[in-house]
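Here is the structure we will look at.
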2 protein chains.
Amino acid sequence: MPVTIQDVAREAGVSVSTVSRAFTVPEMVRDETRHHVLATAERLGYRPNRAARGLITGKTGNLGVIVPDLSNPFFPNVLKGVQARAREADYAVFLADCDENATEEIALVQAMAKQVDGVILCSSRMSEAQLERVVGTTSLVLINRQVRNQPAVLMDTAGGMRQAAEHLAALGHRRVAYLSGPRASWSNRERRRGLRRAARQDIEVVELGPFAPRFEGGSHAADLALAEGVTAIIAYNDLMALGVMSRLADRGVSVPKEMSVVGFDDIPMAGMATPPLTTVSMQNERAGRAAVDLLVSLLNVTGAEAGDLRRGLECQLIVRASTAVPRDPTGR
Amino acid sequence: MPVTIQDVAREAGVSVSTVSRAFTVPEMVRDETRHHVLATAERLGYRPNRAARGLITGKTGNLGVIVPDLSNPFFPNVLKGVQARAREADYAVFLADCDENATEEIALVQAMAKQVDGVILCSSRMSEAQLERVVGTTSLVLINRQVRNQPAVLMDTAGGMRQAAEHLAALGHRRVAYLSGPRASWSNRERRRGLRRAARQDIEVVELGPFAPRFEGGSHAADLALAEGVTAIIAYNDLMALGVMSRLADRGVSVPKEMSVVGFDDIPMAGMATPPLTTVSMQNERAGRAAVDLLVSLLNVTGAEAGDLRRGLECQLIVRASTAVPRDPTGR
DNA sequence: TGAAACTCTGCAATCCTTTGCAGAGCGCGT
DNA sequence: ACGCGCTCTGCAAAGGATTGCAGAGTTTCA
């Protein structure tokens with residue numbers, strides 16, 4: 001029932017080759033004929049079958065994106081960027097959620113491989129070795145993961161942490177707690193690294209955790225941080241920061257008067273919390289777009305000269321109301 | 001470079017037909033041969049090319065899902081359900097975000113049509129007429145949208161509203177505000193309907209709005225509700241409810257002592273607010289799974305007898321700490 | 001022993017496009 | 001009038017898989 005190139009050819013009174021060329025190499029067919037063909041196609045509602053085209057060109061016009069967990073508020077926004085940019089570049093996108101599971105992730109890459117021109121891996125859960133192995137299955141672009149000279153878009157989370165540390169230092173904080181996220185996570189390592197480096201000079205960092213990178217993890221961590229006598233807390237992510245604030249409120253500790261709190265991610269909720277949370281914003285949607293750009297340019301390159309394989313994205317501290325000058329800079 | 005069915009055939013010393021059958025109609029090839037073929041395929045890392053298969057079978061093994069806005073926390077969860085169930089049924093899923101734009105949505109359906117066996121439309125932004133028109137382009141399943149006898153999975157939001165109303169009535173509230181969402185939205189109409197019906201007996205509902213279905217819309221609405229002298233507020237969704245609570249806190253109105261607040265959606269943030277928000281939970285992930293089930297069964301049906309084209313999903317009131325007995329049941 | 005009845009495998013057509021190659025038609029110079 | 005060079009179009013193969021049909025081989029039974 002769907003209309004094929006043959007239908008158009010017959011209706012327009014030309015051969016299929018001509019119809020095909022009218023679409024793919026317009027300058028090769030006479031203006032008059034081309035207009036006629038295109039008009040007929042339009043009238044019949046013809047749209048080339050991408051699968052059939054892919055069979056012969058070797059390009060599918062699709063790309064895949066794999067995320068660890070859709071219900072993590074971090075990912076939908078990068079997905080949105082991927083989606084938007086892909087559509088602009090006339091690619092369709094396959095989505096898969098690997099449920100935080102590396103094995104599943106590998107399976108998904110392999111399942112997708114034949115149907116896509118390339119895959120974007122968001123915060124891959126694979127080990128270094130596993131990643132090395134799937135490289136070559138298809139073109140790969142990583143987001144927030146660094147391995148060998150794989151193409152990647154990396155958020156400068158270390159820089160974000162530096163901004164957070166400088167902000168607290170400028171306010172007069174001297175002893176702050178870092179609430180660590182999952183040990184194995186690349187993001188967590190980067191954040192710790194950025195913080196430690198920035199802190200060296202004038203801030204003492206006491207590191208706690210790891211905690212679950214969720215609201216409950218934050219509630220849990222809050223008490224520990226309180227016992228450490230710090231004046232400020234930097235959480236691995238906003239969810240934890242929110243948990244911290246909630247627990248502090250329960251214990252009657254006022255934020256930011258008695259304790260400053262900084263999050264990371266700038267999830268939509270951050271600005272709506274009481275008090276609105278100071279946090280580091282990461283341009284997720286931009287990251288998604290950048291990944292697509294990178295992938296597409298990779299696909300259009302002849303092979304040899306690859307150009308720049310890395311894209312960096314700045315993070316930005318958003319100062320809201322959860323941070324302030326400490327009452328007693330040395331802790332209570 | 002990718003390994004094709006021919007490679008397997010050559011390597012296994014059989015014809016391509018046999019290899020094909022070993023995969024698609026195993027009982028048709030002798031056990032011994034089949035094992036040999038399958039083993040060879042495994043060894044070579046062969047995976048059938050779905051596009052090529054689709055060309056001849058007419059089935060692609062893909063389905064599409066279109067959402068209005070990925071950054072709306074409602075959708076990622078249904079997406080997660082779609083994704084998970086699709087994978088179980090061995091379908092890959094195309095994702096698209098139409099940016100709240102009906103025209104774009106239509107274009108996306110058409111662009112997908114050739115590449116998928118069916119499309120799931122989440123809370124479609126199309127008008128009735130537009131929807132009628134795209135029906136037939138491909139198999140369609142709607143989520144939270146009702147039109148003619150199109151297959152759909154519908155959340156019983158009206159029922160959820162009833163629960164909320166009963167809850168407030170039981171606490172002793174007699175006059176409550178409903179903060180309306182977008183007028184054109186099917187969900188909003190359903191929620192109003194459910195509330196009005198449930199309220200008839202013992203609650204007076206004053207309807208305000210429409211407001212933007214976001215945090216800011218809630219802040220805006222809070223003052224108006226306060227002026228109406230109600231003892232409880234039901235918001236179109238959680239985002240608004242959170243905005244209401246934030247604004248009430250600013251104005252020194254204590255929740256739930258002086259004002260009860262009920263949300264809708266049960267977004268992750270709801271339970272983390274202060275106080276934790278009483279809200280209606282909608283099984284988004286289940287909805288996603290149900291939509292896939294419906295679509296798949298639709299595809300496997302011969303054509304004539306279609307069976308049950310509707311799936312209903314119950315909503316459930318989650319009572320947390322933002323609702324309580326009113327100080328003065330008649331308002332202040 | 002021979003024929004019938006199966007079971008299994010291979011041939012070749014088919015799905016929808018793209019594309020190399022060759023041919024048709026035309027204009028132009030000689 | 002002829003041939004050359006263009007431009008444009010058509011033929012047919014190719015791409016990876018499925019499937020109807022027919023043939024090869026084996027078993028069963030008379």
Side-chain angles (χ1 to χ4, degrees), chain A residues 1-38 40-41 44-62 90 92 110-117 138, chain B residues 1-38 40-41 44-62 90 92 110-117 138:
Chain A
M1 179 72 40
V3 31
T4 77
I5 201 173
Q6 335 255 4
D7 301 326
V8 179
R10 193 178 333 106
E11 184 76 12
V14 297
S15 77
V16 293
S17 331
T18 305
V19 179
S20 172
R21 280 193 270 257
F23 280 95
T24 54
V25 264
E27 68 278 11
M28 202 171 167
V29 21
R30 192 154 42 109
D31 281 14
E32 192 188 353
T33 318
R34 175 159 39 83
H35 288 140
H36 177 54
V37 168
L38 260 30
T40 320
L44 265 46
Y46 168 71
R47 311 184 63 106
N49 181 325
R50 292 188 137 199
R53 170 184 293 179
L55 211 48
I56 184 156
T57 61
K59 316 222 136 284
T60 61
N62 301 144
D90 202 30
Q110 289 171 341
M112 280 187 176
K114 279 271 190 30
Q115 290 198 98
V116 301
D117 296 337
T138 182
Chain B
M1 180 70 42
V3 29
T4 76
I5 199 172
Q6 335 256 4
D7 301 327
V8 180
R10 193 177 334 108
E11 184 76 11
V14 298
S15 76
V16 293
S17 333
T18 305
V19 179
S20 172
R21 282 193 269 256
F23 280 94
T24 54
V25 263
E27 69 277 12
M28 202 172 166
V29 23
R30 192 156 40 112
D31 281 14
E32 192 188 354
T33 318
R34 175 158 40 82
H35 288 138
H36 178 54
V37 168
L38 261 29
T40 321
L44 264 48
Y46 167 72
R47 311 185 61 107
N49 181 326
R50 293 188 135 197
R53 170 183 292 176
L55 212 48
I56 184 156
T57 59
K59 317 222 134 284
T60 62
N62 301 143
D90 201 30
Q110 290 171 340
M112 279 186 176
K114 279 271 191 31
Q115 291 199 96
V116 300
D117 296 337
T138 183

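Scope of the values below: all heavy atoms of this structure, side chains included, with no hydrogens, waters or symmetry mates. Residue numbering restarts at 1 for every chain, and letters A, B, ... go by the order of the sequence lines. Everything numeric in this text was worked out from a predicted model, so none of it was measured.
Residues satisfying the side chain to side chain donor-acceptor pair (under 3.5 Å) criterion with B/Thr33, sequence neighbours excluded, are absent altogether. Taking the side chain to side chain contact (heavy atoms under 4.5 Å, CB included) definition, one finds that A/Leu38 meets it with A/Ala22, A/Phe23, A/Arg34, sequence neighbours left out. In this view, A/Arg21 and A/Ser17, A/Val25, A/Met28, A/Val29 satisfy the side chain to side chain contact (heavy atoms under 4.5 Å, CB included) rule, not counting sequence neighbours. Residues passing the side chain to side chain donor-acceptor pair (under 3.5 Å) test with A/Asn49, sequence neighbours excluded: none. Partners of B/Ala92 under the side chain to side chain contact (heavy atoms under 4.5 Å, CB included) rule, at least two apart in sequence or in another chain, are A/Phe94, A/Gln115, B/Arg50, B/Asn62. Taking A/Ala111 as the reference, B/Arg47 meet the side chain to side chain contact (heavy atoms under 4.5 Å, CB included) condition, with sequence neighbours excluded.
Of the residues in residues 25-33 of chain B, those placing a heavy atom less than 4.0 Å from an atom of DNA chain C are B/Met28, B/Val29, B/Arg30, B/Thr33, in numerical order. Contacts between residues 46-60 of chain B and DNA chain C, defined by a heavy-atom separation under 4.0 Å, are made by B/Leu55, B/Ile56. Residues of residues 4-17 of chain A having a heavy atom closer than 4.0 Å to DNA chain C, listed by number: A/Thr4, A/Ile5, A/Gln6, A/Ser17.
Taking five base pairs at each end of the helix from C/dT1-D/dA30 to C/dT30-D/dA1, the local helix axes there meet at an angle of 60°, rounded to 10°.
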Which atom pairs, one a donor and one an acceptor, fall under 3.5 Å between side chains of residues 2-9 of chain A and the rest of the protein, sequence neighbours left out?
{"unit_1": "A/Thr4", "atom_1": "OG1", "unit_2": "A/Gln6", "atom_2": "N", "d": "3.1"}
{"unit_1": "A/Asp7", "atom_1": "OD1", "unit_2": "A/Arg10", "atom_2": "NH2", "d": "3.1"}
{"unit_1": "A/Asp7", "atom_1": "OD2", "unit_2": "A/Thr4", "atom_2": "N", "d": "2.8"}

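Interface limits on DNA chain C: the 5'-most and 3'-most nucleotides within less than 4.0 Å of chain A heavy atoms are C/dC16 to C/dG20.
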